[in-house]
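Contents: one structure, followed by commentary.
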Amino acid sequence: MPVTPPLPFSEAVRRAVRAIPRGQVRSYAQVALYAGKPGAARGVGRELKTLEGVPWWRVIRSDGTLAPAVAPEQARRLKAEGVQVKRSGEHFRVQT
DNA sequence: AATATGACCATAC
DNA sequence: TGTATGGCCATAT
């Protein structure tokens, strides 16, 4: 019996991120888990950098802060969908 | 081929 | 409350 070939990491991530409902957020680790690669959070961030057509701004860090590299734009987009974002010192943080 | 570098995370101290 | 360490994954050099 042929086994179902695992999706390439990039496709698995695309699927996982597109599944995040508007107005909600998930952590890089949660996306990695949903994509079938528990522990591959870093790879998720790496993919989001190039992936197109996905709501990348709904992916945040586990501690609720936004990755510095894209924080300002991400905060803007999240607020646009009603997610409360607050500046916390050096970085932005999503209100739970 | 080997190493370094990130939109990261969990654990240990 | 910080810093260190090891794990993870795809590029870049």
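Lettering follows sequence order; numbering is per chain, from 1. Because the structure is a prediction, the values reported are computed rather than measured.
- When the nucleotides C:dC9, B:dA7, B:dC9 are ranked by their closest atom to the side chain of A:A29, B:dC9 comes out on top.
- Taking atom C1' on both nucleotides, C:dG7 is separated from B:dG6 by 15 Å, rounded to a whole Å.
- Note on A:Q74: nothing from the nucleic acid sits closer than 4.0 angstrom, heavy atoms only.
- Taking atom CD1 on A:I60 and atom P on B:dA7, their separation rounds to 17 Å, with Å as the unit.
- Across all strands, A:F9 comes closer than 4.0 Å only to sugar-phosphate atoms, never to a base (heavy-atom distances).
- With P as the reference atom, C:dG6 and B:dA7 are 23 Å apart, rounded to whole Å.
- Comparing B:dA10, C:dC8, B:dA7 by their nearest atom to the side chain of A:A67 picks out B:dA7.
- Remark: C:dA10 base-pairs with B:dT5. Criterion, Watson-Crick or G-U wobble with two distances under 3.5 Å.
- Residue A:R46 holds its CZ atom at 11.0 Å from CZ of A:R42, rounded to the nearest 0.5 Å.
- One can place CG of A:D63 at 13 Å from P of C:dG2, the figure rounded to the nearest angstrom.
- The side chain of A:R46 contributes no N or O atom lying less than 4.0 Å from OP1 or OP2 of C:dT11.
- In this entry the distance linking CZ of A:R77 with C1' of B:dA7 reads 14 Å, nearest Å.
- For A:K37, counting side-chain heavy atoms from C-beta on, the closest listed nucleotide (C:dC9, B:dA7, B:dA10) is C:dC9.
- The side chain of A:A40 approaches C:dC8 more closely than any other nucleotide in the set C:dA10, C:dC8, B:dA7.
- Atom OH of A:Y28 and atom C1' of C:dA10 are 15 Å apart (whole Å).
- The shortest distance between side-chain heavy atoms of A:I20 and A:V25 does not fall below 4.5 Å.
- Taking only side-chain nitrogens and oxygens, A:S10 never comes nearer than 4.0 Å to OP1 or OP2 of C:dA10.
- Whole-Å rounding puts the A:K49 NZ to C:dC9 C1' distance at 12 Å.
- Partner of A:I60 under the side-chain contact (heavy atoms from CB on, under 4.5 Å) criterion, chosen from A:Q74, A:Q30, A:R26: A:Q74.
- The distance from atom CH2 of A:W56 to atom P of B:dC8 is 13 Å, rounded to the nearest whole Å.
- Across the protein-nucleic acid pair, A:I20 atom CD1 and B:dA7 atom C1' stand 13 Å apart, rounded to whole Å.
- As rounded to the nearest Å, B:dA4 and C:dT5 have P atoms that lie 15 Å from one another.
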Could you walk me through whether A:V85 and A:L66 pass side chain to side chain contact (heavy atoms under 4.5 Å, CB included), step by step? CA-CA 9 Å; A:V85 183; A:L66 307 184; 4.2 Å; yes
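- The distance between atom CG of A:L33 and atom P of B:dC8, rounded to the nearest whole Å, is 18 Å.
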Apply side chain to side chain contact (heavy atoms under 4.5 Å, CB included) to A:R58 and A:E81, showing your working. CA-CA 10 Å; A:R58 313 217 261 242; A:E81 1 185 282; 2.7 Å; yes
